Amino acid sequence: MAHNLETNGKNGKVTGTGQLDGNDASGSFSVKLDELTNGMSLRDAHMKEKYLNVDRFPTARLELTSASLPVNWQNSKSPLKDLPFSGTMTLHGKSVAVNGKFDIQMDAHNSQFKAMFPIKLADFAIDV
């Protein structure tokens with residue numbers, strides 16, 4: 001029997017750096033997994049202790065290997081949405097290639113980056 005587990009961990013502070021070279025972006029971003037919450041304390045404990053094993057694997061990391069911005073992206077007045085990227089996700093001691101989409105919201109003082117990509121927990125040796 002197949003099981004689908006869907007959870008949305010939130011509130012983890014992302015740290016890292018990104019670089020731009022013309023229209024190409026790269027970077028490395030990490031999140032401390034023990035900071036994630038999903039709204040229910042018992043589910044938080046199960047997520048962190050039973051599945052993610054945060055005591056042994058405290059962080060998740062995304063390395064961007066390929067991400068391109070559109071021509072003249074610097075002049076865009078609206079957010080950039082659904083831009084494709086490729087990278088490597090390291091979670092639970094395993095590194096796996098991922099593909100996804102990212103959005104960038106820019107203003108005069110800062111930029112916000114949001115990445116969305118599916119993963120299979122089995123690829124990271126996480127039992128459900």
Side-chain angles (χ1 to χ4, degrees):
M1 178 187 311
H3 295 286
N4 288 328
L5 173 69
E6 184 173 319
T7 187
N8 292 308
K10 298 179 182 181
N11 301 324
K13 181 181 175 189
V14 176
T15 59
T17 57
Q19 297 83 37
L20 293 172
D21 183 12
N23 292 344
D24 295 322
S26 61
S28 177
F29 306 93
S30 297
V31 64
K32 291 182 182 179
L33 297 174
D34 65 349
E35 295 177 349
L36 295 178
T37 61
N38 59 32
M40 293 179 61
S41 60
L42 182 59
R43 202 180 323 168
D44 284 349
H46 285 155
M47 174 181 66
K48 294 173 188 179
E49 296 165 14
K50 185 176 180 181
Y51 300 110
L52 296 178
N53 305 115
V54 298
D55 56 330
R56 293 185 3 236
F57 309 107
T59 60
R61 187 175 70 244
L62 174 64
E63 298 277 343
L64 293 183
T65 56
S66 174
S68 295
L69 300 170
V71 175
N72 294 325
W73 64 271
Q74 301 95 330
N75 299 326
S76 178
K77 302 255 190 263
S78 58
L80 303 173
K81 299 246 183 214
D82 295 324
L83 304 173
F85 79 89
S86 298
T88 301
M89 178 74 183
T90 301
L91 174 67
H92 208 247
K94 308 283 183 203
S95 296
V96 175
V98 295
N99 294 298
K101 303 279 184 179
F102 69 100
D103 299 342
I104 299 176
Q105 172 101 25
M106 297 171 288
D107 64 31
H109 302 289
N110 65 23
S111 299
Q112 292 183 354
F113 173 86
K114 178 180 178 182
M116 292 92 27
F117 54 97
I119 62 169
K120 292 181 183 176
L121 294 178
D123 290 346
F124 299 95
I126 298 174
D127 292 328
V128 290

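Sequential numbering from 1 along the given sequence is applied to the chain's residues. None of these values were measured; they are calculated from a predicted model.
- Between V98 and L62 there is a side-chain heavy-atom pair separated by less than 4.5 Å.
- Nearest heavy-atom pair across N38 and M47 is ND2-SD, 3.8 Å.
- Using a 4.5 Å heavy-atom cutoff, the side chains of N53 and H92 are in contact.
- Listed here is the closest heavy atom pair of L91 and A60: CD1-CB, 3.9 Å.
- Within the structure, salt bridge (charged side-chain N to carboxylate O under 4.0 Å, His left out) pairs that include any residue of residues 87-99 do not occur (at least two apart or interchain).
- When all heavy atoms are compared, the tightest approach of D34 to K48 is O-NZ, 2.9 Å.
- At a threshold of 4.5 Å between non-hydrogen side-chain atoms, the residues F117 and F85 count as touching.
- When all heavy atoms of P70 and L83 are compared, the pair lying nearest together is CD-CD2, 3.9 Å.
- More than 12 heavy atoms of other shown residues, nucleotides or ligands fall within 6.0 angstrom of atom CG in D82.
- L36 and F57 fall into different hydrophobic clusters, where Ile, Leu, Val, Met, Phe, Trp and Tyr side chains are chained together by heavy-atom contacts under 4.5 Å.
- Enclosure of atom NZ in K114 is not indicated, since only 12 or fewer non-hydrogen atoms of other residues, nucleotides or ligands lie within 6.0 angstrom.
- For D44, there are no side-chain hydrogen bond (donor to acceptor under 3.5 Å, both in side chains) partners at least two apart in sequence or on another chain.
- One finds the OG atom of S86 at 4.0 Å from the CG atom of N99 (value rounded to the nearest 0.5 Å).
- Of the possible donor and acceptor atoms, none in the side chain of K50 sits under 3.5 Å from a partner among the backbone N and O of D127.
- With sequence neighbours excluded, the residues forming a side-chain hydrogen bond (donor to acceptor under 3.5 Å, both in side chains) with T17 are Q19, listed by chain and number.
- Hydrophobic clustering (ILVMFWY, side-chain heavy atoms < 4.5 Å, transitive): V31 and V96 are in one cluster.
- The hydrophobic clustering, which links ILVMFWY residues whose side-chain heavy atoms are closer than 4.5 Å, places V54 and F29 together.
- Closest approach of S68 and D24 over heavy atoms only: OG-OD1, 3.4 Å.
- In this structure, L52 and I126 have side chains that are in contact, with non-hydrogen atoms separated by less than 4.5 Å.
- The distance from the CZ atom of F102 to the NZ atom of K81 is 12.5 Å, given to the nearest 0.5 Å.
- For the residue pair S28/E63, the side-chain donor-acceptor check at 3.5 Å is satisfied.
- A side-chain donor from one of S95 and T90 sits under 3.5 Å from a side-chain acceptor of the other.
- A donor-acceptor contact shorter than 3.5 Å is absent between the side chain of K32 and the backbone of T59.
- Not a single donor-acceptor pair under 3.5 Å links the side chain of D123 to the backbone N or O of I119.
- A pairwise comparison of heavy atoms in E35 and K13 identifies OE1-N, 3.0 Å as the closest pair.
- The cluster map of Ile, Leu, Val, Met, Phe, Trp and Tyr, joined by side-chain heavy atoms under 4.5 Å apart, puts M40 and Y51 in different clusters.
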